[in-house]
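All of these numbers come straight from a predicted model, not from anything done at the bench. Each residue takes its place number in the sequence, starting with 1.
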Amino acid sequence: MADVTFTVDGKKLTAPAGTLLIDACRTSGIEIPAFCYYPKLSMQAACRMCVVRIEKMPKLQTACTTPVTEGMVVATETDEIKQARKATIELLLGNHPLDCPVCDAGGECELQDMTFKYGAAESKYVEIKQHREEQQWSPVVYFDRPRCILCYRCVTVCGPGMDVWALGIQNRGVGAVIAPNGQDHLNCEECGMCIDLCPVGALTSGTYRYKTRPWEMNHIATICTHCGDGCKTTLGVRRVNDGMEIVRGDNRDKSGINGDFLCNKGRYAFDFANRTDRLTKPLVRQPDGNFAEVSWDHALDFAAKKLREIREAKGGQAIGVIGSNRTTNEESYLLQKFARTIVGTNNIDHHRTADYVSFAAALAGKAGRTASLRDTLTAPAILLLGNDPTNQHPALAWNLRSNVRLHRARVYVANHVEIKLRRQAKAFLQIPQDGYASLVQYLAGNDSAIAANDTTAAFRDALRKEESLLIVFGSEFRGRDIQALVDFGLSLPNTKFAALGDYANSRGAADMGVLPDMLPGYVPVSDAAHFTDEYGAPLPKTPGMDLLQMFDAAQRGDLAAMYIVGSNPVSRFGVDPAVLKNTFLIVQDMFLTETAQLADVIFPAANLYEKAGTVTNTYGDIQLVKKAADKAGVRTDFELIVRLADRMGADPKKLVPFGRGVTADMGQSRGPESGEADRHAVWLAANRLELKLSPFDPFATLDEIQRLVPSYHVSRLELLTGTEQPEKFDLVQIQPAGSRRDLVLPAEDTLFTSGTLGRFSDMMKAVVESHTTPNPAQTAAD
């Protein structure tokens with residue numbers, strides 16, 4: 001639309017015609033208060049706080065419903081307007097309880113802020129307060145009716161925003177009240193968006209309520225530990241006896257790749273970190289078969305001695321290493337370097353949730369063809385093949401719904417089940433579960449690939465007419481099917497691709513070479529020349545055993561030791577415990593998992609909220625992980641790998657190149673406890689006035705990653721400021737063998753499950769139980 005020029009408080013402003021006045025003013029730094037208005041949600045005009053005086057109009061107008069026009073003259077803060085807003089607040093306070101000292105929203109309440117600003121010090125309305133008991137709509141959502149100011153933000157975000165419609169309005173007039181459409185409970189995705197958008201303390205979180213005050217917490221923005229979308233979550237942490245405890249998770253500052261969206265995992269499922277049954281002391285199995293708590297020195301010496309003895313007696317091929325989908329890029333990189341240079345083996349793998357190797361191969365040399373998560377919010381047309389983003393990639397689902405609602409994007413969905421996003425789709429095809437490859441052949445022009453009908457023909461014709469297309473596909477595509485899909489996409493103009501995998505850093509683990517046949521950057525192990533130069537040691541050139549082959553070898557007695565970091569393959573892959581009876585097993589984990597129970601040595605490890613580094617989401621967006629919480633007795637996987645290598649006789653300087661062209665560690669490794677002294681040290685390091693001299697500095701390894709993996713050569717400054725950096729995927733070097741096994745095993749997590757972490761989240765369990773057995777004892781809204 002053409003721009004129009006108008007005047008606000010004497011300032012000349014310009015904005016596209018049709019822009020809402022409140023948006024145009026906020027963009028120009030002129031703040032207009034509002035309770036019911038929320039950007040990108042439907043208009044309500046319910047609260048009357050955003051009233052302004054527009055020249056030539058007889059009455060005050062609401063800025064949230066008025067589009068800007070050429071020559072408009074507006075006043076936003078006259079005495080008349082202030083008096084109108086003060087009167088509105090007096091009305092709102094008519095039945096509002098004055099329980100600010102104990103309200104969870106105290107200090108973060110928009111009504112409190114507006115009352116302070118417009119001075120509604122006394123009320124002209126003398127009425128008896130209508131008290132109502134607080135209601136629990138679900139394990140994580142509480143409703144305090146008297147605090148509600150009927151702004152309807154919760155209703156609009158639940159309806160048009162989430163496409164759930166779990167909340168509505170009950171009664172009319174002065175008796176109107178927000179209520180669940182499921183009578184006395186919420187039948188929804190428990191995303192908690194209604195809580196975050198509530199401008200007062202009417203909706204509160206079951207994980208946070210009455211625990212602490214906002215000003216008593218440190219607020220650390222980091223990356224969610226759960227699915228592959230890589231949402232930013234701001235964690236509220238406070239000091240406890242054994243470290244720093246996470247109390248709250250939200251994304252109210254909207255600073256992340258996910259904007260203001262956060263699903264229930266990012267908002268509530270941090271409680272696994274606070275569990276009392278976490279491992280906090282090293283354990284070593286005794287001759288009687290039981291575990292005994294030992295010192296760190298004893299555990300590390302014992303594990304290193306056994307690994308060294310096996311390596312010297314049987315060679316590195318007798319040892320296997322399994323990495324994780326929830327460790328940082330630096331830890332995954334260090335683990336593969338440890339396996340290849342210290343142990344001397346390519347027997348390294350992890351639980352693969354998508355075939356990133358084939359995806360990299362298919363796009364090798366195709367610059368600018370990979371899509372960021374942000375692209376899914378703006379792409380004019382999207383083809384979604386397989387997967388169910390509502391359950392497995394909630395941020396992607398939010399973006400697609402928002403894109404359709406705000407930009408009228410055209411979404412084409414093909415799936416073997418009727419996923420929820422079909423409701424926003426321009427076209428939906430339900431295909432057989434094994435029909436994805438055939439569908440791609442049909443789309444590419446092979447009419448005999450499927451039994452086509454008018455619906456499939458119209459689907460293909462519509463796709464071919466798109467001038468720009470984003471293809472998003474799930475783990476249903478692997479190997480040559482990915483190549484065929486990419487070939488089809490490249491036959492269309494302006495096509496980008498996104499491969500969907502699970503877990504927080506599945507993509508990073510693959511990128512960092514936690515694979516038996518690929519080095520970091522998908523360089524084949526047979527072509528390790530520049531890695532050899534950097535590492536200063538020859539690397540094994542023969543592909544090692546993959547994860548399943550390692551367990552087969554253990555069963556045959558050909559694998560004498562296994563080092564498992566942050567993974568539970570015994571449970572995930574259904575491994576018979578007897579397979580490992582003759583294998584020396586070292587496990588690093590947070591809990592005594594099924595795999596850890598079989599170990600000879602267990603190292604208690606920190607989780608992603610307790611460490612610093614980077615992770616890469618499934619779209620290839622690289623983001624900074626900041627240390628938010630802390631737990632006495634645990635250590636990061638990075639430190640444990642370094643210490644184990646040291647005890648095995650390795651030179652830590654060769655494993656971690658600290659002090660070699662090092663840039664600042666950005667202060668993130670210190671966590672929420674960092675003070676002025678640390679900030680000064682960070683400034684010195686950032687200006688290269690002081691070198692890092694710690695072998696436990698993960699950012700020294702990031703330096704090496706960026707030297708060896710061109711696709712990770714991204715801006716450190718942008719990472720520091722919290723901006724995700726798209727991986728430069730076109731620079732990936734790859735020539736994979738055609739016979740390699742992909743071994744992809746999708747996590748198949750839902751909104752309420754997330755592998756090992758989900759199993760140890762009591763809040764997620766409570767939500768699942770509430771959905772399967774709703775509690776009829778809860779009080780209805782009115």
Side-chain angles (χ1 to χ4, degrees), residues 38-43 153-168 181 187-194 197 227-229 231 257-264 371-431 436 439 443 455-456 458-474 476 489 492 495-500 618-619 750-751:
Y38 194 84
K40 301 177 183 177
L41 292 180
S42 57
M43 294 182 288
R153 281 189 194 175
C154 56
V155 177
T156 52
V157 74
C158 187
M162 292 298 298
D163 191 24
V164 172
W165 311 92
L167 290 172
N181 290 327
N187 183 16
C188 69
E189 297 168 2
E190 306 280 5
C191 66
M193 288 291 288
C194 55
L197 267 60
C227 83
D229 281 342
C231 291
I257 192 173
N258 44 311
D260 48 3
F261 174 76
L262 205 58
C263 79
N264 59 60
S372 164
L373 177 60
R374 290 187 188 274
D375 290 332
T376 62
L377 184 59
T378 57
I382 301 104
L383 171 61
L384 175 63
L385 297 170
N387 202 270
D388 180 3
T390 304
N391 278 312
Q392 297 169 281
H393 294 273
L396 170 62
W398 168 266
N399 277 4
L400 293 182
R401 285 193 302 270
S402 300
N403 198 357
V404 171
R405 189 178 76 254
L406 301 174
H407 308 130
R408 299 182 180 180
R410 299 167 296 282
V411 177
Y412 303 87
V413 178
N415 206 297
H416 59 279
V417 294
E418 293 185 349
I419 62 173
K420 181 181 168 185
L421 275 171
R422 76 184 187 282
R423 303 202 302 229
Q424 280 74 40
K426 174 181 174 64
F428 172 73
L429 277 185
Q430 186 163 5
I431 61 176
Y436 289 97
L439 175 64
L443 295 178
T455 303
T456 51
F459 190 94
R460 181 172 69 178
D461 291 343
L463 278 178
R464 288 179 170 177
K465 291 177 182 176
E466 294 294 347
E467 296 181 354
S468 180
L469 185 66
L470 171 55
I471 298 179
V472 183
F473 60 94
E476 291 85 352
L492 304 174
T495 306
K496 285 188 174 182
F497 304 87
L500 299 178
T618 191
Y619 312 93
T750 70
L751 272 172

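Contact of the Pro380 side chain with the Ser468 side chain is registered, since non-hydrogen atoms from C-beta on lie closer than 4.5 Å. No side-chain heavy atom of Lys40 sits less than 4.5 Å from a side-chain heavy atom of Ser402. The shortest distance between side-chain heavy atoms of Met162 and Cys188 does not fall below 4.5 Å. Side-chain contact check for Ile419 versus Leu384: some heavy-atom pair is nearer than 4.5 Å. The shortest side-chain heavy-atom distance between Asn187 and Asn181 does not fall under the 4.5 Å cut-off.
For the residue pair Lys420 and Glu189, the shortest heavy atom distance occurs at NZ-OE2, 2.5 Å. For the residue pair Ala379 and Ala409, the shortest heavy atom distance occurs at O-CB, 3.5 Å. The two residues Ala395 and Leu373 come nearest to each other via the heavy atoms CB-CD2, 4.2 Å. Nearest heavy atoms, Cys227 versus Gln392: CB-O, 3.7 Å. Heavy atoms only, all atoms of each residue included: Gly489 and Phe497 are closest at CA-CZ, 3.7 Å. In plain terms, the two heavy atoms of Leu385 and Glu476 that are nearest each other are O-OE1, 4.4 Å.
Atom-to-atom distance recorded for Leu443:CG and Arg460:CZ is 7.5 Å, nearest 0.5 angstrom. Atom CD1 of Ile257 sits about 8.0 Å away from atom SG of Cys231, to the nearest 0.5 Å. The distance from atom CG of Leu463 to atom CG of Leu492, rounded to the nearest 0.5 Å, is 7.5 Å. The CE atom of Met193 sits 10.5 Å away from the SG atom of Cys263 when rounded to the nearest 0.5 Å. To the nearest 0.5 angstrom, Phe428 atom CZ is 6.0 Å from Asn415 atom CG. The line from CG of Leu500 to CG of Asn387 is 4.5 Å long, rounded to the nearest 0.5 Å.
The one candidate from Thr376, Asn403, Leu396 that meets the side-chain contact (heavy atoms from CB on, under 4.5 Å) condition with Ile382 is Asn403.
No donor-acceptor pair under 3.5 Å is formed between the side chain of Asn399 and the backbone N or O of Arg374. No donor-acceptor pair closer than 3.5 Å links the side chain of Arg153 to the backbone N or O of Leu41. In this structure, Arg464 contributes its side chain and Asp461 its backbone to no donor-acceptor pair below 3.5 Å. A donor-acceptor pair under 3.5 Å links the side-chain atoms of Tyr436 to the main chain of His416, judged by distance alone. No donor-acceptor distance shorter than 3.5 angstrom exists from the side chain of Ser372 to the backbone of Tyr619, with no hydrogens or angles considered. Using modelled atom types, no side-chain atom of Arg410 and backbone atom of Glu466 make a donor-acceptor pair closer than 3.5 Å. Listed for the His407 side chain is a donor-acceptor partner under 3.5 Å among the backbone atoms of Leu377.
Taking Asn391 as the reference, Asp388, Thr750, Leu751 meet the side-chain contact (heavy atoms from CB on, under 4.5 Å) condition, with sequence neighbours excluded.
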(message) Run Gln424 and Leu400 through side-chain contact (heavy atoms from CB on, under 4.5 Å) and show every step you take.
(response) CA-CA 8 Å; Gln424 280 74 40; Leu400 293 182; over 6 Å; no

(request) Could you check Asp229 against Asn258 for side-chain contact (heavy atoms from CB on, under 4.5 Å), going step by step and ending with a plain yes or no? (result) CA-CA 9 Å; Asp229 281 342; Asn258 44 311; over 6 Å; no

(request) Begin from the C-alpha positions of His393 and Val472 and carry the test side-chain contact (heavy atoms from CB on, under 4.5 Å) through to its verdict. (result) CA-CA 11 Å; His393 294 273; Val472 183; over 6 Å; no

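Side-chain polar atoms of Asp260 and Tyr38 form a donor-acceptor pair below 3.5 angstrom.
Taking the six-membered ring where tryptophan is involved, the planes of Phe261 and Trp398 are essentially parallel, since the angle between them stays under 30° and well short of 60°.
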